[in-house]
Amino acid sequence: MDGTTSEATPSVQYLNIVVDQQQLSLATVSTLQQSSSESPSPSPSSASTSLLASASSFERPSQRHCFGDSTPGEFPLAAKPSIVLHVLTHCNLDPKDLVGLEATCTFFRRPANFDPDNELSITELAALDMCMKRAIFKPMTSEERNYLKKLCGGSWKLVLRFLLAGEACSRREKSQAVAGPCHSIAVSSSGLVYSFGSNTYGQLGHGTLQDQWKPIPIRSLQGIRIMNVAAGAGKTMFVSDTGRVYGCGKETFGEGEYEAQGNKLVTIPQLVESLKNTFVVQTAIGNFFTAVLSREGNVYTFSWGDDARLCHQTDPNNQEPHLLTGGLENVPVVQIAAGYCYLLALACQPDGMSVYSVGCGLGGKLGHGTRTDEKYPKLIEQFKALNLQPMVVAAGAWHAAVVGKDGRVCTWGWGRYGCLGHGNEDYELLPKVVEGLSKVKAVHVATGDYTTFIVSEDGDVYSFGCGESSSLGHAAVVDGEGNRHTNVLVPQVVASLKQVQERVVQISLTNSIYWNAHTFALMESGKLYAFGSGDKGQLGVELASDQTERGDPEKVGIDLC
């Protein structure tokens, strides 16, 4: 476009992406044209169409004049910068594409003289506009937005990258299902919440202590759009689109799963008062603690005992959130995952994505090459050695997993029953690439009690690990000792889900060492399938009197689209 610019350099590195100047023109045009064709917005105006069409001459920079003096019939970009901004915003370009435009032409780097900041470039304004579409960003004050911008690295493109990363790994504003310990929660794309299964402590939120075999909407949450849910032993937490957190079941935040119930049971979701001044986007329930993630990327924890456990001294039943500092101080986190007495945090920094871990190190599940506990969050260095950009993290009871941007899968921790997928039951103290998935591009991972599921880019599902309670989804095979459920040491396609002939977008399975597991598979269409243990109604389907589990996926009678 602006081939005469004196600022051109052989390459530009930004957002951890190296942009080759020789390939920028054609790649950027292709991105614009593809994004425009895929955009749900109305077709671009004639001027916008002219912009995209004329961009095809990028390979002839001497014929392009972005700032005027154009030949008859050409459309100089500087003539109508507002149209350019409209196209960039409504094409929903990725931050790396905006960076590519900046490197291509000085027009995209110059101040655009538009509100709210006349000094911002067209690409920065486009990034800001796309941030404004996000439910968690729009209500922020200007001070809060600028704080987030500073935290992310000083650019609205980096803020957009931070928000997109959180949406990708946590399904914000999308349908989701959660397979908790003996109870289940499902959320539709509109935020309607269903619960079913065991209700010993009121964790279903219906105002009773009666178990439910079929999904029932939680009436008290109707009219509140729920964006995120966490299900622990005897308790459930809900996060709304306004950042409020509601809880039901056991009142305390820090009880272990095997301990006695708290002094009070909450049978209808109640607002967590101690978090009313924090805009929360995600919550996670582990053993002995609960964690929440704020929209600014701060992590708070409740009730993780004394200072030896998690960098702040609290009573086991402490109801106040405490900021997790140490290595995470001033590091924006986009996802948290809780396992048995440990926490993983996926961070989004200007130089790329990274994972921090803190808590109990038994089994090597912290990923630092030792079995040592860490009371302060510590960066897992191994991903740099593997040249892997983590995009999704999952914390099982005793093992953990990550999906990289390139689709590779890493696992580490205690490999009992083959849950790491490396063909054995050994410990792995550092993240290790699962070679059995080398021909698969993964996009999602879920972990449980010695079980792991992977969802590929094409919607296929792979599972490995402990075969108890039919939670892996593989056909039951009686081994030489008469056992029906065999363990799977390497990744295997879940054929029973493939037969459904629908694209899987999310897997959720029970992450608990005290309860039989069950699994959900959420389809792109909004249909939900369940299999595994169902003796308490947690599958959403009433079983026959002689059944306690289902080996084959069965459709749950709700539509989450």
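Heads up: numbering here begins at 1 and tracks the sequence. Keep in mind the model is a prediction, meaning the values are calculated, not measured.
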For Asn511 and Ala397, which heavy atoms make the closest approach, and how far apart are they? OD1-N, 3.0 Å
Donor-acceptor pair, distance only, cut-off 3.5 Å: does the side chain of Asn146 make one with the backbone of Ser142? yes
Could you pull out all residues at least two apart from Phe383 that satisfy ring-ring contact (aromatic ring centres under 6.0 Å, His included)? Trp412
Does the His90 side chain pair with the main chain of His86, one donor and one acceptor, at a distance under 3.5 Å? yes
For a 4.5 angstrom cut-off between non-hydrogen side-chain atoms, does Val445 reach Thr452? yes
Where the side chain of Asn199 meets the backbone of Gln210, is there a donor-acceptor pair that is under 3.5 Å apart? yes
Taking atom CD as the centre, does Gln501 end up with more than 12 heavy-atom neighbours from other residues, nucleotides or ligands that are less than 6.0 angstrom away? no
In terms of side-chain heavy atoms, does Glu296 have a donor or acceptor partner in Ser294 at a distance below 3.5 Å? yes
Worked check of side chain to side chain contact (heavy atoms under 4.5 Å, CB included) between Met237 and Tyr246: CA-CA 6 Å; Met237 297 185 73; Tyr246 302 83; over 6 Å; no
Distance-only criterion, 3.5 Å: show the donor-acceptor pairs between side-chain atoms of residues 272-281 and protein atoms not counting sequence neighbours.
residue : atom : partner : partner atom : Å
Ser274  : OG   : Gln319  : O            : 3.0

Do Pro431 and Thr411 make a side-chain contact, defined as non-hydrogen atoms from C-beta onward lying under 4.5 Å apart? no
Applying side chain to side chain contact (heavy atoms under 4.5 Å, CB included) to Leu472 and Phe464, what does each step give before you reach the verdict? CA-CA 7 Å; Leu472 288 180; Phe464 43 96; 5.9 Å; no
Which residue pairs satisfy the salt bridge (charged side-chain N to carboxylate O under 4.0 Å, His left out) criterion with at least one member in residues 526-541, sequence neighbours excluded? Glu502-Lys527
Partners passing side chain to side chain donor-acceptor pair (under 3.5 Å) against Thr447 (at least two apart in sequence or in another chain): none
Report yes or no: do Ser155 and Glu124 form a side-chain donor-acceptor pair below 3.5 Å? yes
Heavy-atom pair of closest approach, residues Cys131 and Val159: SG-CG1, 3.8 Å
Would you say the side-chain atoms of Ser470 and Glu549 include a donor-acceptor pair closer than 3.5 Å? yes
By salt bridge (Lys or Arg N to Asp or Glu O under 4.0 Å) - contacts of Lys441 (at least two apart): Glu457
Roughly how far, to the nearest 0.5 Å, is the CD atom of Glu144 from the CZ atom of Phe137? 10.0 Å
Contacts of Thr451 meeting side chain to side chain donor-acceptor pair (under 3.5 Å) (sequence neighbours excluded), chain-then-number -> none
Taking only residues at least two apart or on different chains, which pairs with a member in residues 551-561 satisfy salt bridge (charged side-chain N to carboxylate O under 4.0 Å, His left out)? Arg550-Glu554
When you look at Ile185 and Val193, which way does the side chain to side chain contact (heavy atoms under 4.5 Å, CB included) test go after all the steps? CA-CA 7 Å; Ile185 307 293; Val193 186; 3.7 Å; yes
Could you tell me whether the side chains of Ser195 and His183 share a donor-acceptor contact shorter than 3.5 Å? no
Got Met523 and Val504 here, is their nearest side-chain heavy-atom distance under 4.5 Å? yes
Using a cut-off of 6.0 Å, state whether more than 12 heavy atoms not belonging to Arg503 lie near its atom CZ. yes
Looking at CD of Gln270 and SG of Cys248, how far apart are the two atoms once the value is rounded to the nearest 0.5 Å? 9.5 Å
For Phe114 and Leu125, work out which heavy atoms get closest and say how close. CB-CD1, 3.6 Å
Minimum heavy-atom separation for Pro350 and Leu158, please, with both atom names. CA-CD2, 4.2 Å
Within the structure provided, determine whether Tyr201 and Leu209 are in side-chain contact (heavy-atom separation under 4.5 Å). no
State the OG-CG distance between Ser471 and Asn516, to the nearest 0.5 angstrom. 8.5 Å
Can you name the side chain to side chain donor-acceptor pair (under 3.5 Å) partners of Ser188, sequence neighbours left out? Ser190
On a heavy-atom basis, which atom in Phe238 and which in Pro269 lie closest, and how many Å separate them? CE1-CG, 4.0 Å
Under 3.5 Å, is there a donor-acceptor pair between the His518 and Ser184 side chains? yes
Is it true that the side chains of Ser512 and Thr510 contain a donor and an acceptor less than 3.5 Å apart? no
Would you name the heavy atoms of Val358 and Leu324 that are closest together and state the gap between them? CG1-CD2, 4.1 Å
May I ask you to check whether Trp398 and Tyr340 place their ring centres under 6.0 Å from each other? yes
Within the 4.5 Å heavy-atom criterion, are Tyr194 and Ile218 side-chain neighbours or not? no
Okay, side chain of Gln203, backbone of Ser198: is any donor-acceptor separation there less than 3.5 Å? yes
Side-chain contact, heavy-atom cut-off 4.5 Å: Leu323 with Val299? no
For Arg408, check salt bridge (Lys or Arg N to Asp or Glu O under 4.0 Å) against everything at least two apart and list the hits. Asp406
Report the residue from Arg134, Lys174, Arg161 that forms a salt bridge (Lys or Arg N to Asp or Glu O under 4.0 Å) with Glu167. Arg134
Is it true that a side-chain atom of Asp449 and a backbone atom of Gly396 form a donor plus acceptor pair closer than 3.5 Å? no
Of all pairs that satisfy salt bridge (charged side-chain N to carboxylate O under 4.0 Å, His left out), the ones with a partner from residues 190-217, not counting sequence neighbours: none
Does the side chain of Pro390 come within less than 4.5 Å of Val403's, by heavy atoms? no
Under the side chain to side chain contact (heavy atoms under 4.5 Å, CB included) criterion, do Arg171 and Leu522 qualify, and how do the steps go? CA-CA 12 Å; Arg171 294 192 62 81; Leu522 178 61; 3.9 Å; yes
Results of side chain to side chain donor-acceptor pair (under 3.5 Å) for Ser170 - residues two or more places apart only: none
ring-ring contact (aromatic ring centres under 6.0 Å, His included) filter on His399, not counting sequence neighbours, yields none
Are the side chains of Pro491 and Val434 in contact, using a 4.5 Å heavy-atom criterion? yes
Rounded distance (nearest 0.5 Å) linking atom OH of Tyr356 with atom CD1 of Ile336: 16.0 Å
Say you draw a straight line from CZ of Arg244 to CE of Met227; how long is it, rounded to the nearest 0.5 Å? 15.0 Å
Under a plain distance cut-off of 3.5 Å, with no hydrogens placed, do Gln492 and Ser463 share a side-chain donor-acceptor pair? no
What distance do Ser525 atom OG and Leu560 atom CG have between them, rounded to the nearest 0.5 Å? 9.5 Å
Ser496 side chain vs Gly473 backbone, donor-acceptor pair below 3.5 Å: yes
